[in-house]
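First comes the structure, then the notes that go with it.
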Amino acid sequence: MSMLTTLCALMSAPPRPGHPVARRAGALIDEAAFHARARRWAAAFMAIDVDRDGGDAPDGRAGNADPAPRATLQVALHFEDTVEFAAALFGLWVVGGTAWLPGDLQPATLQALQGRVSALASDAPSTASPTAAGPVSLRRVEAADQPDVRAFPPLDAEAERLVLFTSGSTGQPSAIPKRLRELFAEVDALEQAFADRVDGAEVLGLVSHQHIYGLLYRVLWPLAAGRVLHAERLPYIETLLAALRDGPRFVVIASPAHLKRLPPRDSAPSVEAGRLALVFSSGGPLPDDAVPDCRRLFGQAPLEVYGSSETGGVAWRQRNAGAPATWTALPGIEWQADDAGTLRIRSRHLPDPTAWFESADRVRLTAEGFELLGRADRIVKIEGKRVSLQTIETVLRASGWIDDLRVFVIDASAREQLAVVAQLNEAGWAEHDAQGKAAFAQALRARIEPHLERIALPRRWRFVSQLPVNTQGKVTVAALTRLFDPRRPGVRLVASSPGEVTLRLQVDATLPQFDGHFPGHPILPGVAQLDWVMLLAREWLPLQPLAQAGFTGIDHLKFQQVITPGMTLELTLSLAAPLLSFSYRSAAGLHAAGKFRLEGTAA
């Protein structure tokens with residue numbers, strides 16, 4: 001039986017009591033319990049008055065004997081718990097609804113969803129989030145107390161039942177619709193390609209299921225193939241390694257953001273042979289120098305998957321010793337390259353499986369597959385001048401000071417400018433400290449000047465210990481743009497371990513928090529110090545990816561010394577749910593400390 005057939009019939013076939021589907025906090029969840037939970041969600045979705053919420057009233061209402069498809073029912077789903085997400089997803093699908101998958105619940109995302117969806121189903125705390133346009137609060141829907149007892153027909157594979165609502169590497173969120181056929185065809189391809197290597201393994205995830213990669217690999221593929229999926233997303237490589245020391249055989253769903261920061265050899269023993277089936281990686285290229293560390297720790301190279309939200313999975317490679325670095329097509333994928341080397345693909349994962357889709361990547365074809373050569377067109381216009389972002393990145397990488405970077409367009413003072421966020425290596429930080437930030441930025445800028453007209457040179461610079469990534473391990477323009485908020489201090493990583501981080505903060509005299517507080521004797525207000533704690537904790541610790549993390553109060557708050565312009569601070573943040581502890585210190589000693597009480601915080 002194909003995976004497409006299995007998934008279409010998942011909720012229409014009688015559940016098998018005792019047949020394991022998932023695991024939450026170590027306890028198995030069987031098929032009967034999963035079906036019951038999905039039917040509770042179905043009952044809740046059937047009770048939504050779509051007409052009142054802006055859509056056409058469907059034929060099928062709660063209490064109606066016929067569960068008619070409800071094409072106008074649009075619901076945003078955002079869950080931390082993968083099992084609850086899967087139950088809500090299938091509960092929505094069986095009543096004909098369309099699931100919108102936002103990557104986060106930031107105020108801007110909620111604002112963009114308004115008018116597109118009737119409701120939000122989530123396990124995050126319910127709060128209204130302020131934006132420039134006013135408070136944003138989508139109608140919340142909770143699972144019903146009683147399951148829907150009616151019989152549901154198999155899912156229609158041709159129905160458009162999913163919308164990926166993600167900005168990816170761009171600024172504004174884009175809505176990418178998917179037919180069930182496109183998703184289920186990729187699940188079929190994964191099973192054909194890798195079933196013999198992952199049979200008997202349970203599925204652990206470091207990435208969120210709110211993205212197509214996590215959705216397919218952590219939810220749909222395990223459900224179709226009968227492999228146990230885990231409800232919890234592991235926040236760190238260290239928590240993954242602890243999980244791999246016990247229990248059954250596992251397959252791990254990860255991203256380059258996790259795999260390029262593995263612990264050193266002396267702090268983490270290699271995973272026991274046979275404990276790990278495969279480590280998948282997707283969401284961007286895995287650096288060449290990360291592959292040996294993966295082999296050392298896991299006993300194998302990650303199986304990298306190339307694709308996008310639009311195309312789904314396209315190809316894979318596994319760079320074990322002696323293996324070629326070329327990409328091999330997934331089953332059912334055809335490809336070709338045009339005269340300029342631009343990759344074109346044709347597959348069942350696309351809306352039109354007979355048409356050729358032109359990607360934005362350049363390739364070189366080989367006997368075994370193809371090699372990726374970079375993006376085909378990363379040209380932007382600044383002040384009417386065409387600028388190649390790829391050229392800027394290539395020149396800056398050649399400095400030897402940068403591990404990773406992003407160049408992008410930022411709106412500043414009603415005009416577009418180029419901005420650079422650079423993740424410095426040890427040599428880069430040494431040069432930065434020796435020259436000072438302004439002189440260091442100018443030295444990098446001088447390297448670019450021969451390649452660009454002066455008016456198009458980057459004008460905004462940020463130097464970081466690591467690029468900001470979301471729960472899918474992707475770097476987004478929205479996260480990069482937040483680094484240029486004038487209210488932020490300069491931040492550098494000092495030390496990090498699971499649940500704790502120490503950051504070095506540069507308290508610049510130009511920070512607007514000093515304005516009016518106090519003239520002639522500026523000090524940093526206590527409220528600004530508390531704001532930095534929550535801002536940086538959301539970026540560096542595994543807090544719930546909600547706009548607010550369920551703040552309920554502060555305990556043991558002490559302000560012992562004032563913070564003045566020009567100071568260098570060390571901020572230590574420690575999460576032991578539901579408490580977030582913090583302390584500000586400098587060469588003068590302790591400045592402030594306390595403990596935030598949080599709700600809805602990931603453990």
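Put simply, the side chain of Arg406 never gets that close to the backbone of Val421: no donor and acceptor are under 3.5 Å apart. Checked by atom type and distance alone, the side chain of Glu232 pairs as donor or acceptor with a backbone atom of Ala25 at under 3.5 Å. Remark: side-chain polar atoms of Arg488 are not paired, donor with acceptor, to backbone N or O of Phe484 under 3.5 angstrom. Between the Asp555 side chain and the Arg597 main chain, no donor and acceptor come within less than 3.5 Å of each other. Side chain of Trp532 to main chain of Arg487: a donor-acceptor pair is present (N/O by atom type, distance under 3.5 Å, no hydrogens or angles). The backbone N or O of Leu77 lies less than 3.5 Å from a partner atom in the side chain of Gln210, making a donor-acceptor pair. Distance alone, capped at 3.5 Å, places no donor-acceptor pair between the His209 side chain and the Arg218 backbone. A donor-acceptor pair is defined here as one N or O able to donate and one able to accept, closer than 3.5 Å; such a pair exists between the side chain of Asn425 and the backbone of Gly428. Remark: the backbone N or O of Asp403 is not paired with any side-chain donor or acceptor of Gln423 at under 3.5 angstrom.
In this view, Lys595 satisfies the side-chain hydrogen bond (donor to acceptor under 3.5 Å, both in side chains) rule with no residue, not counting sequence neighbours. Considering only residues two or more places apart in sequence or on other chains, Phe298 meets the ring-ring contact (aromatic ring centres under 6.0 Å, His included) condition with none of them. In this structure, the side chain to side chain contact (heavy atoms under 4.5 Å, CB included) partners of Pro498, at least two apart in sequence or on a different chain, are Tyr236, Glu238.
No side-chain donor-acceptor contact under 3.5 Å links Arg492 and Ser465. For the residue pair His230/Thr82, the side-chain donor-acceptor check at 3.5 Å is not satisfied. Side chains of Thr568 and Gln506: a donor on one and an acceptor on the other come within 3.5 Å. In this structure, a donor-acceptor pair under 3.5 Å is absent between the side chains of His451 and Thr391.
Salt-bridge formation is detected for the pair Glu570/Arg504: a Lys NZ or Arg NE/NH1/NH2 atom is positioned less than 4.0 Å from an Asp or Glu carboxylate oxygen. A salt bridge links Arg397 with Asp404: the distance from a Lys NZ or Arg NE/NH1/NH2 to an Asp or Glu carboxylate oxygen falls below 4.0 Å. Using a 4.0 Å cut-off between charged nitrogen and carboxylate oxygen, Arg454 and Glu449 count as a salt-bridge pair. One finds a salt bridge joining Arg296 and Asp293 here, because a Lys/Arg side-chain nitrogen approaches an Asp/Glu carboxylate oxygen to under 4.0 Å.
For the atom pair OG (Ser122) and CD (Glu84), the distance works out to 10.0 Å, reported to the nearest 0.5 Å. Here the CG atom belonging to Leu120 is positioned 13.5 Å from the CH2 atom belonging to Trp100, to the nearest 0.5 angstrom. For the atom pair NE2 of His78 and CG of Asp104, the computed distance is 6.0 Å after rounding to the nearest 0.5 Å. Note that the CG atom of Leu536 and the CG atom of Asp531 stand 9.0 Å from one another [nearest 0.5 Å].
Ring orientation note: the planes of Phe582 and Phe596 are tilted relative to one another, at an angle of 30° to 60°. Note on ring orientation: taking the six-membered ring where Trp is involved, the planes of Phe440 and Trp401 are tilted (angle from 30° to 60°).
The two residues Gln435 and Ala443 make their nearest non-hydrogen contact at OE1-CB, 3.9 Å.
The number of heavy atoms from other shown groups lying within 6.0 Å of CZ (Arg447) is above 12.
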